[in-house]
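Single-structure report; data block below.
Sequential numbering from 1 along the given sequence is applied to the chain's residues.
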Amino acid sequence: MLMRTDQVTANTQSAAGEKIRPAVQLDGVTKRFGDSVALHEAWLKIRPCEFMTLLGPSGCGKTTLLNLVAGFLEADDGEIFIDGDLVTETPAHRREIGIVFQNYALFPHMSVASNIAYGLKTRGVDKKEIARRVDDALALVKLTGFAGRKPRQLSGGQQQRVALARALVIKPKVLLLDEPFSALDKNLRGSMQVELKQIQRELGVTTIFVTHDQGEALSMSDRIAVMSAGRIRQIAAPDDVYRRPADRFVASFVGDANVLNGRLVERRGDVAVVSIGDISTSVPAAPIAAVAIGGAVDVFARPEHLSVTPHGASGSLSGTVTTQVFQGGHVDLLIDAPRIAHAPILVRVPGIAALSSCPVGAGAGLTICSEDIVAFPPGEAP
């Protein structure tokens, strides 16, 4: 289900109802490479000070979209606006954007201070002003005292901070981040995510962040644009993307999901009732509007949407525990239930009690314990 941004989200408005001009706007932007369409008619409005994430698998078009905003690529169709100004044909160096690349792209022969100052020097900023702003940028990214070092003398996290300082020191209208944490280890990546979000909030800079990591997108974003095969599938707040996915691609890509075999029982306005084995549950009616009563549907249930009950309990689905995966604060169980699912069902059980109460080979019951279940027509192409 593909929708224009202005169909997904109403125009941004102030508390007084006054329309606010988008910081970045794409109107039907398309990009082709030969016979291949890398980006299909993208419509996107990004609000001032917003942290917008472009999320999707490799090759989905998210970096292409970022490079179109940056001016590194030319759009074949459509228009691009930054702060209300048409920039479709404006060269990159005149768009007032800051960018942090995946590999940081620091100049190895320059000091940290010189790397940060580079953009200011090319803009002809006064030397005293450059020195002041470089010092402020170093303090912002917690690298005071590192001005004289070379990039090779820094850790990966410190190099990432230098790249961020270089992007921010020019006071850009828009900050672009192309998977900046991909080279960092897990713990450092987590701390840098927190620091980046704090800096972004402190400065109020409009930010476009590219990632294929769902956890990063869910934890850092004000809104997420989920992309696949060059198309924007859904634009929404993180909780809406997770709880109310627009289509089966979004439901499958963002977070873990079980696909259960169901049938449409009835419709009640905006709500539909589907049966899964011997139990029934409510789902949003819109995604399965084309399915006839009695027709098959695929029901998407997150691991935390299911709970384990004693085998054979009334109102439960029956299965057999095939795998336990201890995850510290919870236990992941894989339950084989061929009557209702083609693949083992993943259930996330808080605590560690499931290690003893649900041994491998034991029978188990399953119940649905959430209202955030969604359903889609079976086999619908993503």
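- Within the 4.5 Å cutoff, the side chain of I373 has no heavy atoms near those of the L260 side chain.
- Between the side chain of D27 and the main chain of E79, no donor-acceptor pair closer than 3.5 Å is present.
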(request) I would like to know whether Q200 and M220 meet side-chain contact (heavy atoms from CB on, under 4.5 Å); could you show each step before the answer? (result) CA-CA 10 Å; Q200 189 266 340; M220 298 181 67; over 6 Å; no

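- Among pairs with a residue in residues 105-120, those fulfilling side chain to side chain donor-acceptor pair (under 3.5 Å) read S111-S114, at least two apart in sequence or across chains.
- A heavy-atom distance below 4.5 Å is not found between the side chains of K31 and N67.
- V273 belongs to a hydrophobic cluster whose remaining members, ordered by chain and number, are V265; membership requires side-chain heavy atoms of ILVMFWY residues under 4.5 Å apart, directly or through intermediates.
- Proximity of R161 to E195: side-chain heavy atoms (C-beta onward) are separated by under 4.5 Å at one or more points.
- In this structure the side chain of R94 never reaches within 4.5 angstrom of the side chain of V87, judged on heavy atoms.
- R149 places no side-chain N or O within 3.5 Å of a backbone atom of L154 that could act as its donor or acceptor partner.
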(request) Check the pair D298, R248 against salt bridge (Lys or Arg N to Asp or Glu O under 4.0 Å), reporting the backbone distance first and the verdict last. (result) CA-CA 9 Å; D298 285 345; R248 65 186 298 127; 3.0 Å; yes

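- Other residues, nucleotides and ligands contribute at most 12 non-hydrogen atoms within 6.0 Å of the CD atom of E89.
- No donor-acceptor distance shorter than 3.5 angstrom exists from the side chain of R231 to the backbone of G61, with no hydrogens or angles considered.
- Without hydrogens or angle criteria, Q324 side chain to L355 main chain gives a donor-acceptor distance under 3.5 Å.
- When the shell of 6.0 Å around CZ of R201 is examined, it contains 12 or fewer heavy atoms from other residues, nucleotides or ligands.
- Atoms OG1 and CG, from T30 and D77 in turn, are 5.0 Å apart once rounded to the nearest 0.5 Å.
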(request) For E96 and D83, run side-chain contact (heavy atoms from CB on, under 4.5 Å): C-alpha distance rounded to whole Å, both residues' side-chain angles, the deciding distance at 0.1 Å, then the answer. (result) CA-CA 10 Å; E96 297 184 65; D83 198 23; over 6 Å; no

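- By the 6.0 Å contact criterion, CD1 on I293 is enclosed, its count of non-hydrogen atoms from other residues, nucleotides or ligands being greater than 12.
- For D178, the salt bridge (charged side-chain N to carboxylate O under 4.0 Å, His left out) test picks out no residue, with sequence neighbours left out.
- A cation-pi contact, defined as under 6.0 Å to the ring centre and within 45° of the axis, is absent between R21 and F81.
- For the salt bridge (charged side-chain N to carboxylate O under 4.0 Å, His left out) test, residues two or more places apart in sequence or in another chain that qualify with D136 are R132.
- Remark: Q153 CD is packed, more than 12 non-hydrogen atoms of other residues, nucleotides or ligands lying under 6.0 Å away.
- Side-chain atoms of P338 and D336, non-hydrogen and from C-beta on, do get closer than 4.5 Å to each other.
- Annotation: side chain of I368 is in contact with side chain of I276 (closest heavy-atom distance under 4.5 Å).
- Transitive grouping of hydrophobic side chains (ILVMFWY, heavy atoms separated by less than 4.5 Å) brings I170 and L106 into a common cluster.
- Residue V194 shares its hydrophobic cluster (ILVMFWY side chains chained together at separations under 4.5 Å) with no other residue.
- Counting heavy atoms from C-beta outward, I335 and L306 have side chains that stay 4.5 Å or more apart.
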(request) Report the C-alpha separation of R133 and D126 in whole Å, then their side-chain angles, then the decisive distance to 0.1 Å, and conclude whether the salt bridge (Lys or Arg N to Asp or Glu O under 4.0 Å) test is met. (result) CA-CA 11 Å; R133 287 167 66 172; D126 176 79; over 6 Å; no

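- The two atoms that bring V169 and V134 nearest to each other are CG2-N, 4.2 Å, heavy atoms only.
- Annotation: side chain of S316 is in contact with side chain of T367 (closest heavy-atom distance under 4.5 Å).
- In terms of modelled atom types and a separation under 3.5 Å, the side chain of K62 and the main chain of G56 share a donor-acceptor contact.
- The salt bridge (charged side-chain N to carboxylate O under 4.0 Å, His left out) test applied to R268 returns E266, not counting sequence neighbours.
- Note on R348 versus D256: salt bridge recorded, some NZ/NE/NH1/NH2 to OD/OE distance being below 4.0 Å.
- Of the possible polar contacts, one joining the R263 side chain to the G294 backbone as a donor-acceptor pair under 3.5 Å is found.
- Contacts of E371 classified as salt bridge (charged side-chain N to carboxylate O under 4.0 Å, His left out), with partners at least two apart in sequence or in another chain: none.
- Here D278 pairs with R339 in a salt bridge; the nearest charged N to carboxylate O distance falls below 4.0 Å.
- Here the closest heavy-atom approach between residue C49 and residue G204 is recorded as SG-O, 3.1 Å.
- Side chain of R302 to backbone of Y242: a donor-acceptor contact under 3.5 angstrom is found.
- Scanning for side-chain hydrogen bond (donor to acceptor under 3.5 Å, both in side chains) contacts around R123 gives an empty result, with sequence neighbours left out.
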(request) Before giving the answer on side-chain contact (heavy atoms from CB on, under 4.5 Å), spell out for T64 and F33 the whole-Å C-alpha distance, their side-chain angles and the decisive distance to 0.1 Å. (result) CA-CA 11 Å; T64 297; F33 295 105; 4.2 Å; yes

Which pairs of donor and acceptor atoms, one on a side chain in residues 212-219, lie under 3.5 Å apart (sequence neighbours left out)?
unit_1, atom_1, unit_2, atom_2, d
H212, ND1, E179, OE1, 2.7
D213, OD1, G215, N, 2.9
D213, OD1, E216, N, 2.9
Q214, NE2, F253, O, 2.6
E216, OE1, T211, OG1, 2.7
E216, OE2, Q193, NE2, 3.1
S219, OG, G215, O, 3.0
S219, OG, E216, O, 3.3

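- Residue pairs that meet the side chain to side chain donor-acceptor pair (under 3.5 Å) test with at least one member in residues 48-60, sequence neighbours left out, are E50-R223, T53-S221.
- Under the ring-ring contact (aromatic ring centres under 6.0 Å, His included) criterion, the residue pairs touching residues 299-320 are F300-F376, with sequence neighbours excluded.
- Nearest approach of T88 to G78, heavy atoms of both residues: CG2-O, 3.8 Å.
- The hydrophobic cluster analysis finds V360 isolated: no Ile, Leu, Val, Met, Phe, Trp or Tyr side chain comes under 4.5 Å of it, directly or through other members.
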(request) List the steps and the verdict of side-chain contact (heavy atoms from CB on, under 4.5 Å) for I208 and L54. (result) CA-CA 7 Å; I208 306 177; L54 308 179; 3.9 Å; yes

